[in-house]
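A quick write-up on the structure given underneath.
Everything numeric in this text was worked out from a predicted model, so none of it was measured. Order of the sequence lines sets the chain letters (A, B, ...), proteins ahead of strands, with each chain counted from 1.
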Amino acid sequence: MVEDNMPDKKTVLICCGTGCLANNSYEIYRELKKRVEAAGEDISVKPVLKTTGCNGLCEKGPVITILPEDIFYCKVKISDVDEIFEKTLLKGEIIERLLYLDIKTGKKVKSHKESEFFKRQKKIALRNIGQIDPANIEDYIQREGYRALKKALFEMSPDEIINEVEKSGLRGRGGAGFPTGYKWKQAKKINSFPKYVICNGDEGDPGAFMDRSVMEGDPHSIIEGMIIGAYAVGAQKGFVYIRDEYALAVKNVSRAIKDAYGRGFLGENILGSGFNLDIEIVRGGGAFVCGESTALMASIEGRVGEPRVKYIRSTEKGLWGQPTVLNNVETWANVPVIVDRGAKWFSSIGTEKSKGTKIFSLVGKVNNTGLIEVPMGVTLREIIFDIGGGIPGGKKFKAVQTGGPSGGCIPESLLDLPVDFDSLDKAGSMMGSGGMIVMDESTCMVEVARYYLKFLSEESCGKCTPCREGIRRMLEILEDICAGKGREEDIELLLELAETVREASLCGLGKTAPNPVLTTIKYFKDEYLAHIKEKRCPAGVCKELTSYRINQELCKRCGVCAKKCPAGAIFSKPKSPYVIDNNKCIVCGACREACRFNAIEVMGRREG
Amino acid sequence: MKIKIDGLECEANYGEYILEVAKRNGIHIPTLCHTDALPGQGSCRLCIVEVIEGGKNKVVVSCLYPVTNEIEVLTNSDKIRRMRKNIIRLLAARAPESEHIRKLKEEYKVPEEKRFNVDKGEKCILCGLCVRACEAVGVYAISSVNRGITKKISPPFEEPPEDCIGCGACAQVCPTGAIALKEFEGKRVIWDKTFELVKCSVCGNYFATCEQYEFLKQKYGLEAEEFLCDKCRKKSTAQKLIF
Amino acid sequence: MIESILKRYPKERRFLLAILQDIQRTYNYLPRKALNEVREYLDIPLSSLYSMATFYRALSLKPKGKYVIRVCDGTACHIRGSMNLLEEIKRELSLLPGEITPDGKFSLETVNCLGSCAIAPVMMINERVYGNLKPDMLKEIFSSLGG
């Protein structure tokens with residue numbers, strides 16, 4: 001597998017994905033570069049320094065990997081650079097304290113491959129990320145890059161390519177899971193030109209950054225996929241639609257497109273095949289709804305991102321009324337590997353109806369937050385506890401939210417569900433684009449439902465009544481509940497409205513909007529009842545239904561809570577335990593987080 | 001091809017919308033954002049029906065769903081009635097002043113709103129017909145503004161629209177009477193913009209704005225020899241034809 | 001100056017969003033004068049431009065601050081305390097989302113997911129990303145920018 005392909009030359013890979021960048025990883029690269037250049041001819045082996053895309057283990061960033069020994073260092077600081085240079089690069093010595101500590105085994109590991117986090121993953125879409133410099137097309141080519149393109153153009157016919165993709169069982173990775181090969185087949189059938197291919201890089205689900213990492217870290221995998229797809233369906237123009245907030249992705253994909261043109265992989269008469277394709281980038285305008293395919297196309301056309309009904313599919317009438325194939329970033333990234341290695345190999349991974357792997361962004365209250373790629377069918381429990389390392393601070397797992405605002409919250413009792421396109425649907429959620437947000441006992445599930453509705457009320461395009469007015473009123477009810485103004489009939493009313501919003505809305509945004517509410521009512525009804533009947537928030541989050549009290553017996557009078565309190569609401573008389581003044585308290589939870597003795601108790605609405 | 005609507009067999013052409021077929025066969029499906037001149041908004045969702053196709057049951061809007069197979073359609077099932085009732089409830093909370101919506105409320109037995117904060121004084125249901133009408137005339141004076149729950153219809157910068165010619169097409173096409181058009185003393189006011197009206201040279205009634213004539217001249221190169229209102233123009237044309 | 005932005009693009013509707021974004025980046029908002037020039041160049045009605053400007057979050061009709069603070073309220077950041085960050089900003093700079101300080105130095109927005117969920121809660125000030133934030137870290141960040 002290409003992921004095992006490692007250079008023999010001394011190489012240092014420094015992750016410069018957004019997470020590590022925010023922690024000064026680029027400065028680390030510059031420092032190291034200075035050291036290497038300063039050493040000049042004095043060192044026998046001059047290491048190659050590469051900045052790479054997101055490695056996945058963002059929690060432990062900045063991360064660097066030293067090859068060929070395959071040493072993995074995490075939480076690297078600029079002050080460590082000298083030591084890394086002297087000890088590891090020059091002498092091959094390992095610096096213990098920088099090694100990754102595997103939570104499950106409690107041991108330090110030398111190579112990332114030995115950690116529970118990485119061991120259980122299978123990187124197909126992420127095959128190159130963290131190993132290559134995304135701005136260097138040569139790196140991509142050296143790792144079997146553009147080999148599939150050559151095979152597709154010169155050894156296969158368009159029908160054969162579509163056949164292969166169909167046989168592989170690849171389904172759209174953007175969330176809907178539509179069979180990719182079948183989609184391409186529909187578009188190829190239509191005898192109307194021009195045709196278009198689009199890459200949906202408008203990743204809008206909060207908590208998801210899979211597509212960002214692929215666009216930043218391995219843009220050529222997308223481009224190669226698109227060229228193959230365009231050739232198969234007969235399109236000569238492609239668009240990569242990238243969300244406005246992803247400036248680095250825009251930069252790296254632009255660079256990759258430019259380099260691809262330079263090498264004759266794009267443009268006229270690609271590699272002498274007679275096939276032409278132009279690809280350009282379109283930048284989003286800051287609208288979640290533009291991740292919906294018809295809204296995205298409206299946006300490319302220079303209009304507002306309002307979806308249209310899909311009774312006539314986009315493969316028949318899409319961009320400017322022409323046959324269009326729109327696929328997600330991750331879907332395109334899988335295409336070259338399928339063409340290269342064959343459908344049989346790809347379909348040997350995963351489950352019966354969900355082939356291949358899926359990238360997930362595992363975030364929230366989990367130890368190993370970051371990006372992972374696993375075969376379809378791995379269970380939620382394995383992902384959260386084995387790969388993710390469980391819940392930090394010894395807290396208890398409460399729910400995992402999958403599928404973004406279109407998905408739902410899954411409780412502990414269903415953790416053994418396999419993750420694939422269909423299994424989570426039965427629980428009322430969906431796998432979606434891959435966002436996986438872990439929640440613990442300090443998360444209020446009613447507030448989570450309110451949060452998602454608030455998000456959707458602002459992101460909805462506002463065109464159709466059920467979505468615009470339905471979400472608005474469901475939000476009104478949830479805000480009332482979280483503020484202690486909930487009524488007995490509210491749950492019934494929420495379920496009633498949910499049906500109308502789900503069935504009568506125009507597009508996917510509206511149709512799936514009720515899911516967070518429906519799943520939280522289904523699995524966490526007791527929380528709703530506590531809010532409505534007892535005017536109490538069990539998790540201690542809803543400020544109007546929560547007050548904190550310091551247990552006078554447990555208080556050790558360390559005073560840490562008072563120091564942390566931003567409102568100056570905690571005080572004590574001399575030699576007495578601390579007390580919270582509820583009139584000043586803003587219920588921010590800082591004291592609760594700081595107290596090492598669990599002395600801060602969550603009570604219901606403050607009286608008076 | 002033949003399709004079934006509420007048990008009745010109907011003839012339908014390939015690609016025809018269910019709403020058209022239903023109308024032709026005397027089956028009434030309620031609508032708000034639909035008008036024959038400007039079909040296909042698909043925003044109010046009142047015209048939803050159940051379609052049984054290929055063994056699958058789905059809810060679609062009849063104003064936009066094209067007939068491509070021998071489907072079965074249910075326009076008034078319990079499920080549809082239930083959802084329509086909710087849509088009307090939502091619209092009534094949004095536009096409580098609208099007479100048309102009040103009638104629908106009565107018909108579907110939607111009780112007085114006690115749970116939601118109603119938008120007092122509001123009539124607009126954001127169906128988008130006014131914007132479409134303005135586009136069809138070729139003026140583009142108003143558009144939809146913002147998105148989500150703050151969406152509204154407005155002229156640019158919420159000021160009296162520069163481009164508006166006062167034709168009143170928007171007010172005429174609005175299903176809830178949400179656009180105010182006032183006329184008095186030879187003037188017309190709409191969208192807070194005042195227009196001078198033109199008199200019919202035959203009957204003396206005010207009937208159109210100067211700006212409308214200006215627009216026709218600029219955009220289509222049409223110039224009027226004399227100002228005639230609709231009625232008088234028809235008479236005059238008829239007379240010309242007879243003689 | 002607006003002319004130089006317009007000249008970069010063919011006179012086609014599909015470049016409207018890109019043109020508006022370029023103007024936004026140059027002026028920090030969409031001046032009315034600029035919209036009129038776009039209207040001329042692309043032959044698109046003002047009402048359509050106004051629609052676009054109010055639909056897309058990346059565009060604004062009012063100036064943004066010299067330092068645009070974007071607090072991520074994506075789910076991961078939300079459950080890791082983004083609301084507390086907003087409250088702290090309210091205390092420090094008297095700013096609510098959508099507002100700008102009287103001296104035009106800081107403006108505040110909430111954004112729905114910056115894609116840096118692993119280092120939640122996250123805030124961006126212009127192009128710089130700050131992660132793993134706690135409310136008591138904000139004061140120093142703002143003072144370093146002169147706040």
Tell me, for Ile471(A) versus chain B, whether the close heavy atoms (under 4.5 Å) come from the side chain, the backbone, both or neither.
neither
Checking an interface table here. Which of residues 42-54 of chain B come within a heavy-atom distance under 4.5 Å of chain A?
Gly42(B), Ser43(B), Cys44(B), Arg45(B), Ile48(B)
Salt-bridge contact Glu503(A)-Lys79(B) (side-chain N to carboxylate O under 4.0 Å)
yes
Step-by-step side-chain contact (heavy atoms from CB on, under 4.5 Å) determination, Glu459(A) to Arg147(B):
CA-CA 7 Å; Glu459(A) 298 295 338; Arg147(B) 67 178 192 221; 3.0 Å; yes
Side chain, backbone, both or neither: which part of Ile80(B) has a heavy atom under 4.5 Å from chain A?
neither
Verify, without hydrogens or angle tests, whether Arg473(A) (side chain) and Phe116(B) (backbone) share a donor-acceptor contact under 3.5 angstrom.
no
Minimal heavy-atom distance between Asp119(B) and Arg472(A), with the atoms involved, is OD1-NH2, 2.7 Å
Salt-bridge criterion met for Glu499(A) and Arg82(B) (N-O under 4.0 Å):
yes
Does any non-hydrogen side-chain atom of Arg115(B) lie less than 4.5 Å from one of Leu493(A)?
yes
What part of Arg89(B) gets within 4.5 angstrom of chain A, counting heavy atoms only: side chain, backbone, both, or neither?
side chain
Suppose we screen for side chain to side chain donor-acceptor pair (under 3.5 Å). Which residues come up paired with Asp6(B), at least two apart in sequence or across chains?
Thr75(B)
Members of residues 148-171 of chain B whose heavy atoms come closer than 4.5 Å to chain A:
Gly148(B), Ile149(B), Lys151(B)
Donor-acceptor under 3.5 Å (Tyr311(A) side chain, Val61(B) main chain):
yes
Heavy atoms only: give me the nearest Arg468(A)-Ile125(B) pair and the separation to one decimal.
NH2-O, 3.3 Å
Measure the SG-CD1 distance between Cys464(A) and Ile87(B) for me, rounded to the nearest 0.5 Å.
8.5 Å
Counting heavy-atom pairs under 4.5 Å with chain B, the top scorer among Val501(A), Ile477(A), Val289(A), Val304(A) is Ile477(A)
Which of residues 17-37 of chain B get closer than 4.5 angstrom to chain A, counting heavy atoms alone?
none
Considering all heavy atoms of both residues, which atom of Ser144(B) and which atom of Glu306(A) are nearest to each other, and what is their separation?
OG-OE2, 3.9 Å
